[in-house]
2 protein chains.
Amino acid sequence: MPQCGVSLRRAYAYRRRIRYGAVMAPSPSSPEQPVTLRERKKLRTRRALADTAVTLFGERGFDGTPLDALLEQVEVSRRTFFRNFRSKEDVALTAVKELWGTYLEVVDATEKSGPLADVLLGAMLGTLERMDEDWYRRFPPTLRLIAGSPALDGHALRHCAETQTELVRRLGVPDRLELRLLIEFFVAAWRCALDEWLPDCPPGELPALLRRSCSSMASSLALEA
Amino acid sequence: MPQCGVSLRRAYAYRRRIRYGAVMAPSPSSPEQPVTLRERKKLRTRRALADTAVTLFGERGFDGTPLDALLEQVEVSRRTFFRNFRSKEDVALTAVKELWGTYLEVVDATEKSGPLADVLLGAMLGTLERMDEDWYRRFPPTLRLIAGSPALDGHALRHCAETQTELVRRLGVPDRLELRLLIEFFVAAWRCALDEWLPDCPPGELPALLRRSCSSMASSLALEA
DNA sequence: AGGCTAACGCCACACTGTGGCATTTTCGTC
DNA sequence: GACGAAAATGCCACAGTGTGGCGTTAGCCT
């Protein structure tokens, strides 16, 4: 609950991250099952950290919970934690990163034809269908964490921006400007849908909200004062 | 046992957290000239810090420059610095914050009539005219700093999001969803224009780039794969 | 069984940001 | 011009995050 201004503290190491875009662990959505005991163990602690983080931060607040509290509960050393996650924000945003990772995969596997706006929307709807029950349990608390901590919000926005850049790269189209504008617009619609979904997060209603948000895009341009 | 002191400190910080988005010093664009010597002195060190920060971070990189280097060069103690700025990122983003602060003022002073998209664009063009020469000298290096540091980018995105929220509040309109979509779209167009301006930042060409970006908004929605 | 190697834990350190308190500087007033 | 009040500053100590070094453990492979 104490949502202090401590949030600005975590900026330090985040600043120094040169290899920012590097992936530190195998993408959770890639279906490669860990075969060896070592890999299974590592994945288990990874999940335990991400899972405990959401609940623990949800109880005591992101800024008000020292990282040591999480480490103590999961019984992992600090060194091990930072081999699995890049920062305190990183572990808290696991669900968000999984979403966008899956979205990129779905976009790649989508047949690109017709209006690009429909392609982007369809891919997100497909992504929402692919996420499992466990993810839907972790995602709403994560959104509340983001809403309550400016530091987390900044990280989430930054990750979103990276995903957008990657989208532009993969959808490569002659007119870069219009493509980028379209993607920015779609992501904005996604965020608007999330905001309306956020208070109660009624399960199953997110696709409808997203559709409504996207269908308002055109008319918003003609909005009069 | 040390928990006692910690909780006290957190409680205090919690009170101060409320003015997270608040400006810590008199807005530089508000024409209130400081009359007393005390105010003039404070403003002078503020400007010195922001100015030196841009050049120093530009030379050695934002992540690679310890805050102490800046403090030593300006000959200010750490305590004084943090009374003027909330964080290392804050001082680096001074030019950006000045821009959006002025933008909000211009929007308030604008006659709202006709398409809101035109109002938003016109206000930004007016803002660009109002910024002085000193600002145009500091803004491009700031953009390069942002492009080179994910941490700065995250903070800039977050600040931008706050400004958008404030815009929605001030332009209060029955249909919040469409208004927010429009604002998100306009800011996206602004960012696109900045990206095209960024490499060389030819002076005076930014308004034209912004116009072009905005005029592409409608056609981007109809983009085909 | 035993070597190999990835993962781990522990320790020390750099850096950012905050509170407490004494000191200096400026303001308003006599 | 002097003086008390208020504000700004400097100095000190500390919490918290993230990193590198290095010895130790535990799973893997033959």
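Chain A is the first sequence line, chain B the second, and so forth, proteins listed ahead of strands; every chain is numbered from 1. Keep in mind that the numbers below use all heavy atoms, side chains included, and drop hydrogens, waters and symmetry copies.
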Calculate the interatomic distance between B/Phe82 atom CZ and D/dA13 atom P; express it in whole Å. 18 Å
Give the B/S/- string for nucleotides 4-9 of chain C, one per nucleotide from 5' to 3', where a protein heavy atom under 4.0 Å of the base yields B, of only the sugar-phosphate yields S, and otherwise -. -BBSBB
Between atom CZ in A/Arg44 and atom C1' in D/dG27, what is the gap in whole Å? 13 Å
Write down the distance between CZ (B/Arg46) and P (D/dT9), rounded to a whole number of angstrom. 12 Å
Expressed in angstrom and rounded to an integer, what is the separation of B/Arg60 atom CZ from C/dC15 atom P? 11 Å
Residue set satisfying side chain to side chain contact (heavy atoms under 4.5 Å, CB included) with A/Pro207, at least two apart, ordered chain then number -> A/Leu125, A/Leu128
Write down the distance between CZ (B/Phe57) and P (C/dC15), rounded to a whole number of angstrom. 13 Å
Nearest to the side chain of B/Thr36 - D/dT17, C/dG17, C/dC27? C/dC27
A/Phe186: which residues meet the ring pair (Phe, Tyr, Trp, His ring centres under 6.0 Å) condition with it, sequence neighbours left out? none
Non-neighbouring partners of A/Asp195 that pass side chain to side chain donor-acceptor pair (under 3.5 Å), sequence neighbours left out: B/Arg180
How many whole angstroms separate atom CG of B/Leu71 from atom C1' of C/dC15? 12 Å
Please report the distance, rounded to the nearest Å, between CZ in B/Phe85 and C1' in C/dG17. 15 Å
In this structure, how many angstroms lie between the P atom of C/dA14 and the NZ atom of B/Lys88, rounded? 16 Å
For the pair A/Trp100 and A/Trp190, name the ring-plane relationship: parallel under 30°, tilted 30 to 60°, perpendicular over 60°. perpendicular
For B/Ser77, side chain to side chain donor-acceptor pair (under 3.5 Å) partners two or more places apart: B/Thr80
Residue set satisfying side chain to side chain contact (heavy atoms under 4.5 Å, CB included) with B/Ala53, at least two apart, ordered chain then number -> B/Phe57, B/Leu70, B/Val91
